[in-house]
Peer 1: 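My questions will all concern the structure given below.
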Amino acid sequence: MQRKTNQTKGLFSELLGTFIYTGFILIITAVIMR
Amino acid sequence: MRKILKIILKNCVLILLLIVPFSLNAHAAQRTDINSLVENAKALDNKEVTVQGEAIGEMMNRGEYSWVNVNDGTNAIGIWMKTAEAKQVTNFGDYKHKGDTVRITGIFRRACAEHGGEADIHSETFEIAAKGNTVAERISSEKLISTVFLVPIAVFLFILYFKKVRKTATEQ
Amino acid sequence: MKIRTNIVSSIEIISYYTGYVVLCTALLLIIPALTALIFMEWNAMLDFLISVAIATIVGIALAGIGWRTKQVKANIQWKHGFVIAALSWFVLMILCAIPYRLSGHIGSMLDACFDVMSGFTTTGLVLTQDLDHLSNALNMWRHMLTFIGGQGMVVLALTIIAKETSGAYRLYVGEAKDIELVPNVKGTTRIIWKISMIYLAVGTAALWIDGMVIGLKPVSAFLHALYIFESSWSTGGFAPMTQNMMYYHSLSYETITIVIFILGSFNFGLHYAMWQGKRNELVKNIETQSFFITSTIACMLAVYGLSKAHLYPNTISAFRRIIYNVLSAHTTTGFGSVYARQFALEWGDFGILIMVVVMLIGGSACSTAGGFKGLRVGIVFKGLIMDVKKLLCSERSRKAYKFHHIKDQILDDSVVKSSSLIIICYMALFGIGTMMGTFYGYPLASSAFEAASVTGNVGLSIGVTSPAMPAVMKIYYIIAMYMGRLEFLSVFALIGYVAGGIKKLCVKSLKLSLKIVS
């Protein structure tokens with residue numbers, strides 16, 4: 001059970017981390033394009 | 001006096017005969033290959049172009065306007081047009097179908113600001129030049145014969161192999 | 001009971017395992033055949049039935065030749081592992097090309113092999129014509145190839161192998177994945193597949209739903225979702241339509257693919273660690289750090305450089321046309337959101353140069369990505385800093401330098417050396433590719449772009465790859481894609497083995513002829 005929770009949390013962390021990175025790059029792009 | 005009038009009349013007719021075809025041509029604009037649009041994107045940016053090709057895939061309804069992707073053999077591009085017009089396209093090209101041949105005149109943009117910098121055409125006039133159809137599949141006889149010949153051999157060998165694996169497993 | 005000789009020749013060992021891998025992958029051909037049946041694509045169905053049959057026959061024949069290997073449970077060595085990995089890719093390339101050639105969308109067997117190798121190595125360069133009218137069966141096959149190629153065909157066979165063999169680790173390393181997630185290889189491969197399967201479910205669902213939101217019909221939305229997921233996760237870059245990513249005209253669709261292909265470019269060890277609870281691995285790992293730094297710098301430079309040319313009108317355009325392609329290139333995916341020729345005609349030399357550099361750097365080791373790999377770039381960079389520090393500090397102090405990759409590891413000279421050597425091999429592959437392009441008349445920037453795309457298994461094209469390309473270049477690209485993916489060692493081992501075998505044969509026949517004469 002603990003393993004399943006870990007796996008789900010891991011999956012969500014990866015997805016979240018990547019989304020945050022993408023957002024970060026978008027912000028940088030906005031700044032440069034200004 | 002009559003002679004002069006006759007000459008003037010003749011010339012007028014001649015001139016009219018020369019002008020009319022040109023004005024007709026101005027409507028039937030020069031068709032551009034989609035690939036030429038890409039190759040000359042900077043030169044043709046924001047210009048009115050005419051493309052003609054097969055509607056492929058499917059229409060993507062985005063509200064009042066829709067996307068129809070068109071392939072003319074040289075390349076493919078997205079056409080942004082009114083949904084009402086897009087719905088007139090009933091056949092879209094895929095493995096089994098030849099799509100409607102559409103003729104679009106519109107503004108080509110190399111990097112459309114409205115669509116995230118994409119190269120596209122915003123349609124102004126749209127017409128269906130030819131209706132598409134379902135392509136009847138002609139089954140190749142060589143392929144049929146090869147299949148009938150090869151598949152049984154493969155199945156037979158596979159059963160042999162499977163039996164051998166079983167035998168070796170039980171022996172060990 | 002028969003007395004069997006326990007000495008099994010290397011050829012038999014290699015033949016048996018190659019045959020096994022061929023059989024496993026060949027049976028997968030049944031999936032596109034079924035797809036053709038479901039969608040009533042009769043010619044396509046025949047194409048695939050013929051291919052299944054031929055591949056099965058070849059696989060069984062190879063396994064049969066080496067049958068004694070299984071009976072005697074022969075010991076498989078390192079050299080065998082490398083040769084089997086290299087050989088099975090080659091044999092499968094030809095067998096998997098059969099349905100392409102039969103489809104009528106490809107001009108020659110060479111072009112068909114090119115597309116297959118492009119799929120296996122998750123490159124993504126395409127010679128298949130008229131993608132818009134391809135059968136669902138062939139599209140299913142193309143995208144499956146890239147998904148399976150990403151997972152590694154050997155990993156595929158290992159997962160199915162009934163009994164644990166001690167040689168399994170040697171087969172696995174031959175495929176350029178040396179991450180040991182759990183002490184036994186079968187367990188490791190099972191985990192790699194499990195992670196991929198879960199992402200397959202999640203990713204396909206996300207793309208399916210978004211596909212319907214943007215206007216696709218349910219059935220086609222599902223198929224596109226499946227294809228695009230397989231292509232993103234494997235960092236392959238194949239797409240079912242001529243316009244690649246531009247077919248969808250959708251920021252949301254593109255963004256989902258960005259998330260998937262970035263995750264797909266990460267090391268499986270990283271996924272495993274994250275899924276075990278070690279969630280700060282995402283930021284501690286040398287590869288994610290390396291990727292973060294190189295991709296951010298590359299994106300910034302690209303946007304700044306291209307904005308000087310006023311190429312794209314606003315931020316969203318810059319994000320969708322510049323950032324998308326830079327990230328696609330860096331993760332070695334190869335999805336394109338601009339027409340291939342636009343790189344050459346609009347981006348200018350600076351933009352092309354940035355693309356070349358990120359394509360060569362590539363993604364993470366032990367992932368589906370290509371290129372030098374972030375791990376090596378990170379190691380070499382840290383190695384350089386280490387050397388400078390050593391120079392500066394006193395000779396009597398002894399310091400151990402470390403880097404973090406799943407666990408803390410020592411940064412010593414041998415690690416730096418092996419990383420540097422592989423980077424040199426990649427550079428050589430890239431250099432030869434560029435030279436060849438210029439030799440055949442393509443401009444330097446275009447030759448370099450395409451060569452980097454091939455070497456890094458990226459798949460973005462600047463327009464060089466086409467059926468009209470010289471056959472020599474097609475053959476070189478096939479070899480380069482293959483070597484880049486297998487990271488040289490397997491292929492060198494195969495060449496060495498074959499050369500060694502030929503040499504032995506020559507020496508034997510020479511001795512024999514001398515005996516006869518004397």
Side-chain angles (χ1 to χ4, degrees), chain B residues 35 37-42 54 56-62 66-67 69 71 73 75-78 80 92-99 110-120 135 137-140 143-144 146-147 149-155 157-158 160-161 164-165 168-169 171-172, chain C residues 23 39-47 49-50 52-57 60-61 63-64 67 70-71 73 102 130 132-138 162 214-217 220 241-243 246-251 254 311-314 316-322 337-342 345-346:
Chain B
N35 208 40
L37 290 178
V38 177
E39 288 290 326
N40 304 295
K42 287 190 169 166
E54 183 189 352
I56 45 146
E58 57 193 293
M59 165 190 127
M60 283 183 245
N61 192 330
R62 303 281 168 99
S66 293
W67 283 107
N69 291 301
N71 185 330
N75 212 325
I77 197 169
W80 183 244
F92 284 92
D94 58 30
Y95 180 70
K96 292 191 166 193
H97 303 93
K98 179 157 164 62
R110 183 190 61 81
C112 178
E114 191 188 335
H115 294 119
E118 195 179 311
D120 65 22
V135 177
E137 218 179 332
R138 200 206 116 246
I139 298 180
S140 150
K143 288 185 186 175
L144 202 55
S146 309
T147 314
F149 178 64
L150 287 168
V151 172
I153 297 177
V155 171
L157 280 175
F158 188 71
L160 263 181
Y161 176 75
K164 226 182 175 189
V165 170
T168 320
E171 270 176 12
Q172 284 172 346
Chain C
L23 255 184
F39 288 97
M40 299 191 286
E41 299 167 339
W42 307 121
N43 273 315
M45 191 179 81
L46 292 181
D47 293 344
L49 285 176
I50 294 173
V52 175
I54 296 177
T56 310
I57 294 169
I60 291 177
W67 191 251
K70 187 174 172 70
Q71 290 174 320
K73 282 202 192 176
L102 293 174
D130 196 16
D132 299 324
H133 293 97
L134 229 59
S135 62
N136 284 320
L138 192 55
I214 65 174
L216 295 173
K217 297 203 212 56
S220 51
M241 312 299 285
T242 306
Q243 291 153 278
M246 291 184 287
Y247 175 76
Y248 307 98
H249 311 287
S250 161
L251 170 64
E254 287 159 21
L311 221 54
Y312 299 106
N314 51 31
I316 291 293
S317 304
F319 180 73
R320 291 181 67 180
R321 307 300 144 193
I322 306 177
S337 64
V338 297
Y339 289 98
R341 288 287 293 153
Q342 285 183 292
L345 298 165
E346 297 169 20

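Being a predicted model, the structure only gives us computed values, none of them experimental. Proteins come first, then strands; the chains are lettered A, B, ... in the order of their sequence lines, and each starts at number 1.
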Peer 1: Can you measure from CD1 (I57(C)) to CG (L157(B)) and round to the nearest 0.5 angstrom?
Peer 2: 6.0 Å

Peer 1: Measuring heavy-atom distances to chain B, does I54(C) have an atom under 4.5 Å in its side chain, in its backbone, in both, or in neither?
Peer 2: side chain

Peer 1: Return the minimal non-hydrogen interatomic distance between I139(B) and N43(C), and the atom names on each side.
Peer 2: CA-OD1, 3.6 Å

Peer 1: Heavy atoms only, distances under 4.5 angstrom: which of Y248(C), F319(C), W67(C), Y312(C) has the most pairs with chain B? Name it, please.
Peer 2: W67(C)

Peer 1: By a 4.5 Å heavy-atom criterion (distance strictly below it), what part of V135(B) contacts chain C: side chain, backbone, both, or neither?
Peer 2: neither

Peer 1: Closest approach of N314(C) and A113(B), non-hydrogen atoms and distance?
Peer 2: ND2-O, 3.3 Å

Peer 1: From L216(C) CG over to N61(B) CG, what is the distance, rounded to the nearest 0.5 angstrom?
Peer 2: 11.5 Å

Peer 1: Check each atom of L49(C) against the heavy atoms of chain B and say whether the ones under 4.5 Å are side chain, backbone, both or neither.
Peer 2: both

Peer 1: Does the side-chain contact (heavy atoms from CB on, under 4.5 Å) test come out yes or no for K217(C) and M60(B), once each step is laid out?
Peer 2: CA-CA 9 Å; K217(C) 297 203 212 56; M60(B) 283 183 245; over 6 Å; no

Peer 1: Begin from the C-alpha positions of Q243(C) and I56(B) and carry the test side-chain contact (heavy atoms from CB on, under 4.5 Å) through to its verdict.
Peer 2: CA-CA 11 Å; Q243(C) 291 153 278; I56(B) 45 146; 4.0 Å; yes

Peer 1: Which one wins on heavy-atom pair count under 4.5 Å against chain B: L311(C), D130(C), L138(C)?
Peer 2: L311(C)

Peer 1: If I measure from the heavy atoms of chain C, does E39(B) come under 4.5 Å with its side chain, its backbone, both, or neither?
Peer 2: both

Peer 1: For Y95(B), does its backbone N or O pair with a side-chain atom of E41(C) as donor and acceptor, under 3.5 Å?
Peer 2: no

Peer 1: What's the shortest heavy-atom distance between S140(B) and L46(C), and which atoms?
Peer 2: O-CD1, 4.4 Å

Peer 1: Between L23(C) and chain B, with a heavy-atom cut-off of 4.5 Å, which part of the residue counts as in contact: side chain, backbone, both or neither?
Peer 2: side chain

Peer 1: State which residues pass side chain to side chain contact (heavy atoms under 4.5 Å, CB included) with V52(C); sequence neighbours excluded, sorted by chain then number.
Peer 2: L29(C), I30(C), T56(C)

Peer 1: Is a donor on one side and an acceptor on the other found under 3.5 Å between the side chain of N71(B) and the backbone of D132(C)?
Peer 2: no

Peer 1: Rounded to the nearest 0.5 Å, what's the gap from CE on M45(C) to NZ on K143(B)? Could you check?
Peer 2: 12.0 Å

Peer 1: Using a cut-off of under 4.5 Å on heavy-atom pairs, state which of I322(C), N136(C), L345(C) scores highest against chain B.
Peer 2: L345(C)

Peer 1: Please classify the contact of N75(B) with chain C as side chain, backbone, both or neither, using a heavy-atom distance under 4.5 Å.
Peer 2: side chain

Peer 1: Tell me, side chain or backbone of L144(B) under 4.5 Å from chain C's heavy atoms, or both, or neither?
Peer 2: both

Peer 1: Measuring from atom CD of E346(C) to atom NZ of K42(B), what distance do you get when rounded to the nearest 0.5 angstrom?
Peer 2: 6.0 Å

Peer 1: Of all the heavy-atom pairs spanning G57(B) and Y247(C), show the shortest one and how long it is.
Peer 2: CA-OH, 3.3 Å

Peer 1: What distance do S250(C) atom OG and R62(B) atom CZ have between them, rounded to the nearest 0.5 Å?
Peer 2: 5.5 Å

Peer 1: Decide side-chain hydrogen bond (donor to acceptor under 3.5 Å, both in side chains) for N69(B) and H249(C); before the verdict, give the C-alpha distance in whole Å, the side-chain angles of both, and the deciding distance to 0.1 Å.
Peer 2: CA-CA 10 Å; N69(B) 291 301; H249(C) 311 287; 2.8 Å; yes

Peer 1: For the residue pair S317(C) and C112(B), what are the closest heavy atoms and their distance?
Peer 2: OG-O, 4.3 Å

Peer 1: Please determine, among I316(C), D47(C), L134(C), I60(C), the option with the most heavy-atom pairs under 4.5 Å with chain B.
Peer 2: I60(C)

Peer 1: Would you mind telling me which of L251(C), V338(C), L102(C) has the largest number of heavy-atom pairs within less than 4.5 Å of chain B?
Peer 2: L102(C)

Peer 1: Donor-acceptor pair, R321(C) side chain versus G116(B) backbone, under 3.5 Å?
Peer 2: yes

Peer 1: Within the side chain of E137(B), is there an N or O that forms a donor-acceptor pair under 3.5 Å with the backbone of W42(C)?
Peer 2: yes

Peer 1: Can you tell which part of R110(B) gets under 4.5 Å to a heavy atom of chain C, answering side chain, backbone, both or neither?
Peer 2: both

Peer 1: Determine the minimum heavy-atom distance between Q342(C) and A119(B), stating which atoms define it.
Peer 2: NE2-CB, 4.2 Å

Peer 1: Quick one: OG1 on T242(C) to CD1 on I77(B), what's the gap to the nearest 0.5 Å?
Peer 2: 12.5 Å

Peer 1: Under the side chain to side chain contact (heavy atoms under 4.5 Å, CB included) test, which residues partner D94(B), sequence neighbours left out?
Peer 2: K96(B), H97(B)

Peer 1: With a 4.5 angstrom heavy-atom cut-off, which part of A44(C) approaches chain B: side chain, backbone, both or neither?
Peer 2: both

